[in-house]
Amino acid sequence: MTVTAPDRRQSSLLQPESSLLRQQFPQHDAIVLIPEALARKHTAIPVVIRGGTLLVAMANPGDIIALGALAAQCRMRVEPHPASPKEISEAIDLNYKAYDEIEKKVSSISFPDNTTEGPSRFGNVADAPIAQALTLILTEAAKARASDIHFQPQEDRLQVRYRVDGTLHNVLSLPYQMATPLISRIKIMANMNIADHHRTQDGQFSFDTRGRTLGIRVGTIPTVYGEMAVLRLLDKSRANLDLSELGFMPENLEQYQKMLRVPYGMLLVSGPTGAGKTTTLYASLNCLNNTEQNIITIEDPVEYHFDNINQIQVNSRAGLDFSSGLRAILRLDPDVILVGEIRDAETAQIAIQGALTGHLVLSSIHANDAVSVVSRLMDLDVEPFLVSTALIGIVAQRMVRRVCSYCAQPATATAIEQMVYTQAMGEEKTEFLYGNGCQACSNTGYQGRTGIFELLHVTDDMRAMMLCGADISELHNRAVESGMVPLVKDGMLKAREGITTPAEVLRNVHLTE
C-alpha cells in the first residue's frame, strides 16, 4: 500500500473544525466493522461507508500498518481522514457500548436458590462473571462521563442508572438476583462490611480505566427491596481545572481573579448540592498554589489531592470536625485556608476570625443567591460588623447543560422562555439554539455542562448598608447597580450565545432569584 501526501482539496481536513468527525457522526453500520480494542489501539474510528469504502478518522492517517490492520478486519477499502486524538477518543467513548457484553456476563451466571450464598460465591473472585460485569459497568460510566452510578433494587429487578450532566438515565435492568452479589462485590472493593445489610455504610476505592484513575466514593443504605448503592465517580484529572474553564464571563473572571489576590479576607461560594461549588474552590486553589504560601484545607471528604497543599480530612470519630480543625489550622501559620463548608455557627465565627486576622479564607455555604449569603451568616450568629469587615466577595452558581454541538439547530422558544429572556435582558429574542437529539447526546439535545455565575463584590457602600441593617432586597438592588450580573441574566447571556437554552436556565434558577 502506498501513501501519498494529501492534495489541496484534502488539506482542509487537517483543520479540527472541518474534520470528518465534525462533518459526519459515526454510523452504526460502520462502527460494527471495527472492534473497540482495534480502534483504541490505532486511535482510529470508522465513520461511514461510501461506495464500498470505509471512511476512517485517524490520528495518524499515514500509519500503513494501522491501515492494513483495519482493512483486514473490515475486508473493505479504507480511506483515512485526519482527526485529533481527543476527538477520536471521545467518539470511541460515545459509540462503543458494552451493555451487550454485560448481559452476556449476567446470562452466564447460574444463581443459587439460596440468595445468601451470593456474597461468598460471586463477590470475592476478581475474575468471576459478577466482578467482570461490575468492571464493565464502571468502564461504561466513565466513557459516558457519568458523575454517579445508582444501583437501585426494585421488586423484580436491579435498576442501574447513570447521572450524566446532572440528569439520571436508566442504562441497565438486571435480574433481581444480581442485587446481593453485585452490592457485595462493591463492598469488598470499598473495604466495607459485606455481612451487614441493615445499616448505612460508606467507603471508597480507585478504579483504572483507559489510562485514567477514578476515585470512587461508595454509599449504601437498606431499602424495602434490599440494599441500594450509589457510587460517586471522581476524575482526578479534573483537579487541574483552571478558572477560565468553568464558564465565567470575561468581566466576572477578571474581577474574581482580583479578589483572589487580596491577601486576607473571606471569599464564599454558594449554591445547592451539585452546583459545582467544590470545583470552583479547587480551581481557585490552582490559581493560588505556589511555593511562597502555606495553603491548608479541611474538607469532608477530600475529593482531589494537590501538590504543595496540606489537606485535612474531617474525622468526626476522632473529634476532628470543621470547627476544631479550623481552630487548629490557625495555629499552623497558614496564608490561605479552604474550609470545605460552613455548616454551623462555630465554624462560621472561627472562619470570620481567621479572615480578620490576616488569612485568605475560602469556603462554600448553602444559599439561594449571592446576597442571601449575608443573611445566612447573620442567621449563624455572626455579628453584622464582622460580616461586613471580613467579606471580600461572594459567588453564587449553578450548573447548566450545554447544547449538543452535533445536533444544534435554531428553533422558536416557548412563550415563557421568551418572556423571561426579555425580562432578564431588556431585549426581545424569539429564536435560540436547541439540540434535536442525536447519538452523540443520547437524544437529550445536551452534551456537557458549564457554570452560570453571580459575582458579588462587597463594596464600601454595601458594608455601610450591612451595618445599618439593610434588608436583602436593598442589598441586591445596590449590588446590581454596582455591576453584579444576576444568575438569570448570566444564564440568558449564555443562551443568547448558543451555549445553553433558556429552558435549561429556568430549570436551574428560580424566577424569584
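Below, each value reflects all heavy atoms present in this structure, side chains not excepted, and no hydrogens, waters or symmetry copies. Counting from 1, the numbers follow the sequence of the chain as shown.
- Around the CD atom of Glu427, the shell of radius 6.0 Å holds more than 12 heavy atoms that belong to other residues, nucleotides or ligands.
- Interatomic distance, CD of Glu383 versus OG of Ser388, reported as 10.5 Å (0.5 Å rounding).
- Here the side chains of Leu243 and Leu260 are in contact, with some heavy-atom distance below 4.5 Å.
- Under the 4.0 Å criterion applied to side-chain N and carboxylate O atoms, Arg199 and Asp196 are assigned as salt-bridge partners.
- Of all the heavy atoms in Glu299 and Gln311, the pair that sits closest is OE2-NE2, 3.1 Å.
- A donor-acceptor contact shorter than 3.5 Å links the side chain of Glu474 to the backbone of Asp471.
- Using modelled atom types, no side-chain atom of Ser323 and backbone atom of Thr347 make a donor-acceptor pair closer than 3.5 Å.
- Heavy-atom minimum distance, Pro486 versus Val480: CG-CG2, 4.2 Å.
- Distance alone, capped at 3.5 Å, is enough to place a donor-acceptor pair between the Gln418 side chain and the Ala413 backbone.
- The residues Asp321 and Arg327 are annotated as not salt-bridged, no charged nitrogen and carboxylate oxygen being separated by less than 4.0 angstrom.
- Taking CE of Met249 as the reference point, atom CD1 of Ile452 lies at 10.0 Å (rounded to 0.5 Å).
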Could you walk me through whether Arg157 and Gln159 pass the side chain to side chain donor-acceptor pair (under 3.5 Å) test, one step at a time? CA-CA 6 Å; Arg157 68 188 188 282; Gln159 189 69 52; 3.1 Å; yes
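- When all heavy atoms are compared, the tightest approach of Ile183 to Ala229 is CD1-CB, 3.6 Å.
- In this structure, the separation between OG1 on Thr180 and CG on Leu158 is 9.5 Å, given to the nearest 0.5 Å.
- Counting heavy-atom neighbours within 6.0 Å of Glu481 CD, excluding the residue itself, gives a total above 12.
- Atom OH of Tyr406 is surrounded by more than 12 heavy atoms from other residues, nucleotides or ligands within 6.0 Å.
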Side chain to side chain contact (heavy atoms under 4.5 Å, CB included) between Leu360 and Leu288, intermediate numbers included: CA-CA 10 Å; Leu360 179 61; Leu288 298 168; 4.1 Å; yes
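- Distance alone, capped at 3.5 Å, is enough to place a donor-acceptor pair between the Gln313 side chain and the Val302 backbone.
- Aromatic ring centroids of Tyr282 and Phe306 lie under 6.0 Å apart.
- Judged purely by atom type and a 3.5 angstrom limit, His150 has no side-chain atom pairing as donor or acceptor with the backbone of Arg161.
- Put simply, the side chain of Thr500 does not reach to within 4.5 Å of the side chain of Leu433, judged on heavy atoms.
- Residues Cys407 and Cys441 come closest through the heavy atom pair SG-SG, 3.8 Å.
- Put simply, the side chain of Gln397 gets close to the backbone of Ala275: a donor and an acceptor are under 3.5 Å apart.
- Annotation: Asp242, atom CG; neighbour count of heavy atoms from other residues, nucleotides and ligands within 6.0 Å is above 12.
- With values rounded to the nearest 0.5 angstrom, Ile296 atom CD1 is found 4.5 Å from Asn294 atom CG.
- When each of Ile216, Asp148, Ile137, Leu214 is tested with Leu231 by the rule side chain to side chain contact (heavy atoms under 4.5 Å, CB included), just one qualifies, namely Ile216.
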Does the pair Thr167 and Asp165 meet the rule for a side chain to side chain donor-acceptor pair (under 3.5 Å), with working shown? CA-CA 6 Å; Thr167 305; Asp165 296 334; over 6 Å; no
Go through the steps for Asp379 and Arg376 under the test salt bridge (charged side-chain N to carboxylate O under 4.0 Å, His left out), then give the verdict. CA-CA 5 Å; Asp379 289 342; Arg376 173 65 179 147; 5.3 Å; no
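- The residues Glu227 and Lys187 are annotated as salt-bridged, a charged nitrogen and a carboxylate oxygen being separated by less than 4.0 angstrom.
- Between Asp202 and Arg217, none of the side-chain N atoms (NZ, or NE/NH1/NH2) sits under 4.0 Å from a carboxylate O, so this pair counts as no salt bridge.
- The two residues Arg185 and Ala131 make their nearest non-hydrogen contact at NE-CB, 3.7 Å.
- For the atom pair CG of Asp461 and OG of Ser482, the computed distance is 6.5 Å after rounding to the nearest 0.5 Å.
- Here the two rings, on Phe453 and Tyr256, have centers that are 6.0 Å apart or farther.
- Salt-bridge formation is not detected for the pair Lys489/Glu454: no Lys NZ or Arg NE/NH1/NH2 atom is positioned less than 4.0 Å from an Asp or Glu carboxylate oxygen.
- Counting all heavy atoms, side chain and backbone alike, Cys438 lies closest to Cys404 at SG-SG, 3.8 Å.
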